[in-house]
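Here is the structure we will look at.
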2 protein chains.
Amino acid sequence: MPHRILSDVKLPDFKDRPTKEGDILRTAEKLFMQFGYKRVTVEEICREANVSKVTFYKYFNNKYAVLEDYMQSRLKLGMETFERIRNADATLQEKMQAMIAMKGSAISQFSPVFIHSLADSDEALIDLMNRWTDMGMQAMRQFFMDAQVKGEIYPEYSVDFLLHIWTVVGNDARSEVIMKMYGDDMVKLSQDFMNFLFYGTTGPPQEDK
Amino acid sequence: MPHRILSDVKLPDFKDRPTKEGDILRTAEKLFMQFGYKRVTVEEICREANVSKVTFYKYFNNKYAVLEDYMQSRLKLGMETFERIRNADATLQEKMQAMIAMKGSAISQFSPVFIHSLADSDEALIDLMNRWTDMGMQAMRQFFMDAQVKGEIYPEYSVDFLLHIWTVVGNDARSEVIMKMYGDDMVKLSQDFMNFLFYGTTGPPQEDK
DNA sequence: GAATTATTTTACGTTTTTTGTTAAATATTA
DNA sequence: TAATATTTAACAAAAAACGTAAAATAATTC
């Protein structure tokens, strides 16, 4: 059931939500990803999001409600986006680039810390998330294996190593530090990351365009 | 003032401490780095370190005492080690490899999260740490700039980008996931990381030994 | 510009978490 | 066997986080 143009792919974030509620969700996402669910307090979310506690409790019953809301949106959007990229008419490199350029590199949607912190939360949520994560990892593994067979990737790396690096660098690509560094020049950002992923510090071969 | 053989360089960890005290320090380090100082509780340190609370309070007055102890050792050892590598008779690549192979990649001694979490702690500690961090970053920047001039590094990358990637990948090199992945095959680990840093997924040129 | 709605500030009582200590039981080491 | 180290369990005290209320400001809408 393929196809759509790759540049068409975009992950909408929570930007469609009314400001304050969106601020809360975006901030919670950031904090959850970095520190896990439990370590983050609602007071902290409020502080970081520039939202007062009253406003918070106007939109959400408690921290857990934010988690549910966040997970639901992210999973839905993430799955759609990933499938589109997967089925797109494009080379491996183009697809990887699309995933990086995308806010939240699709495949590493949830940080290890976050996943771990959910150990004793709602069963249904965890299951859903695990299924999604597994599916993503599986697909990514396939990407890398194919590319290795085709000789596009150095065959000595273990697939697990590549998978891990991809996760780490992917997560980093949307970190605050990087964002500040590149402003909104997402093109340059994803270019640099792609070059680095493919060619390391040595940089791309010189016989370019 | 230079010189010593590079392979001579090793960062002793807290291994010289009697078991339980060492366990506490090592565990605290890991947790502090990942989550910052404030978010970590002494009960958590105890749990992770397999040490009872009474034993903890036998060796340390409180969490802050652990922090001080940890910082002091790390800074001292880190500075010595870094200086040795810096002054060693070796190529840039060899030096970088040495830093990665070293437990704790010297330059990115302290995680951003940890540093940030110290915002409202003891002045003296913070100053010390900042001086050390700045020094390290400065030196690393010099490394990269030199290498770029010499053509060893793709000149299109900004030094800030390289510095950041180095920090991220360096931090990752000692993450749990990676450790589990490589067991204790530190040679293969640092080899893979070096290859990746220098040549990306494409891997090293084929005219090898 | 008046009325409505959204948001913040402050304050507070309640609940939960974390702290640090005690005493007794169990391992470990010399 | 004696001395030392460590753990378990229980606990009071302190600190942190929760969730709500009332009144004051800000922003929006009509």
Side-chain angles (χ1 to χ4, degrees), chain A residues 13-71 73 113-114 116-122 125, chain B residues 13-71 113-114 116-123 125:
Chain A
D13 212 5
F14 305 104
K15 294 244 166 75
D16 42 336
R17 306 282 184 97
T19 355
K20 289 290 172 182
E21 190 185 359
D23 288 348
I24 292 171
L25 281 166
R26 275 186 293 276
T27 305
E29 170 179 34
K30 199 185 67 188
L31 293 171
F32 287 165
M33 286 304 130
Q34 189 167 15
F35 303 113
Y37 174 70
K38 197 185 169 188
R39 300 182 130 90
V40 175
T41 72
V42 340
E43 260 159 358
E44 188 183 9
I45 296 174
C46 293
R47 199 182 328 121
E48 293 288 308
N50 290 312
V51 166
S52 77
K53 232 198 306 186
V54 223
T55 304
F56 177 95
Y57 283 108
K58 179 181 175 185
Y59 292 114
F60 303 96
N61 286 324
N62 44 43
K63 191 173 69 170
Y64 190 73
V66 180
L67 177 67
E68 282 189 311
D69 204 335
Y70 158 66
M71 293 263 289
S73 329
V113 170
F114 176 66
H116 184 263
S117 81
L118 248 43
D120 49 343
S121 298
D122 188 61
L125 274 182
Chain B
D13 212 5
F14 306 104
K15 294 245 165 75
D16 42 336
R17 305 283 184 98
T19 354
K20 289 291 171 182
E21 190 185 1
D23 288 349
I24 293 171
L25 281 167
R26 274 186 294 275
T27 306
E29 169 179 35
K30 198 185 66 189
L31 293 170
F32 286 165
M33 285 304 129
Q34 189 166 15
F35 302 114
Y37 174 70
K38 197 186 168 187
R39 300 181 131 90
V40 176
T41 71
V42 339
E43 259 161 357
E44 189 182 9
I45 296 173
C46 293
R47 198 181 329 120
E48 295 287 308
N50 291 312
V51 165
S52 77
K53 232 194 316 182
V54 275
T55 304
F56 177 96
Y57 283 108
K58 179 181 174 184
Y59 292 112
F60 303 96
N61 286 324
N62 46 42
K63 191 173 69 169
Y64 190 73
V66 180
L67 177 68
E68 282 189 311
D69 203 336
Y70 159 66
M71 294 264 288
V113 170
F114 176 66
H116 184 263
S117 81
L118 249 44
D120 48 343
S121 299
D122 189 61
E123 290 275 345
L125 275 181

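Only this structure's heavy atoms are used, side chains among them; waters, hydrogens and symmetry mates stay out. So you know, we letter chains A, B, ... as the sequences are listed, proteins then strands, and number each from 1.
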Exercise. Name all residues meeting the side chain to side chain contact (heavy atoms under 4.5 Å, CB included) criterion together with B:K58; count only those two or more places apart in sequence or in a different chain, and write none if there are none.
Key: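 With neighbours one apart ignored, the set is empty.
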
Exercise. With sequence neighbours excluded, tell me which residues meet side chain to side chain contact (heavy atoms under 4.5 Å, CB included) with A:N50.
Key: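 Once residues adjacent in sequence are excluded, A:N50 has no partner under the side chain to side chain contact (heavy atoms under 4.5 Å, CB included) criterion.
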
Self-check item: Minimal non-hydrogen separation, B:A28 against B:I45, with atom names
Solution: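 Nearest heavy atoms, B:A28 then B:I45: CB-CD1, 4.1 Å.
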
Quiz item: Can you name the closest pair of heavy atoms from A:E48 and A:K30 and give their distance?
Solution: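 The answer is OE1-NZ, 3.8 Å.
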
Quiz item: So, is A:T55 close to the C:dT7 phosphate, meaning a side-chain N or O under 4.0 Å from OP1 or OP2?
Solution: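 No.
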
Quiz item: What is the bend of the helix from C:dG1-D:dC30 to C:dA30-D:dT1 when you compare the axis at one end with the axis at the other, using five pairs each and rounding to 10°?
Solution: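 End-to-end axis angle for the helix from C:dG1-D:dC30 to C:dA30-D:dT1: 50°, rounded to 10°.
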
Would you confirm whether [X], through its side chain, and [Y], through its main-chain N or O, come within 3.5 Å as a donor-acceptor pair?
| X | Y | result |
| --- | --- | --- |
| B:Y59 | B:K20 | no |
| B:K63 | B:V40 | yes |
| A:Y70 | A:A65 | no |

Practice problem: Starting at the 5' end of nucleotides 17-25 of chain C, put B wherever the base has a protein heavy atom under 4.0 Å, S where only the sugar-phosphate does, and a dash everywhere else. | Solution: -SBBBB---

Quiz prompt | Nucleotide C:dA27, atom C1' - distance to NZ of B:K20 in whole Å | solution =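 It works out to 11 Å between those atoms.
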
Quiz item: Which of parallel (below 30°), tilted (30 to 60°) and perpendicular (above 60°) describes A:F35 and B:F35?
Solution: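 Judged by the thresholds at 30° and 60°, the geometry between A:F35 and B:F35 is tilted.
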
Quiz prompt | Positional range of nucleotides in DNA chain D within the contact set of chain B, heavy-atom, under 4.0 Å | solution =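 For DNA chain D, the relevant span reads D:dA5 to D:dT8.
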
Quiz item: Can you list the residues that meet the side-chain hydrogen bond (donor to acceptor under 3.5 Å, both in side chains) rule with B:T41, with sequence neighbours excluded?
Solution: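 Scan of B:T41 (side-chain hydrogen bond (donor to acceptor under 3.5 Å, both in side chains), adjacent residues dropped) gives none.
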
Exercise. Apply side-chain hydrogen bond (donor to acceptor under 3.5 Å, both in side chains) to B:T27 and list each qualifying residue two or more places apart in sequence or on a separate chain.
Key: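 Expected list: none.
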
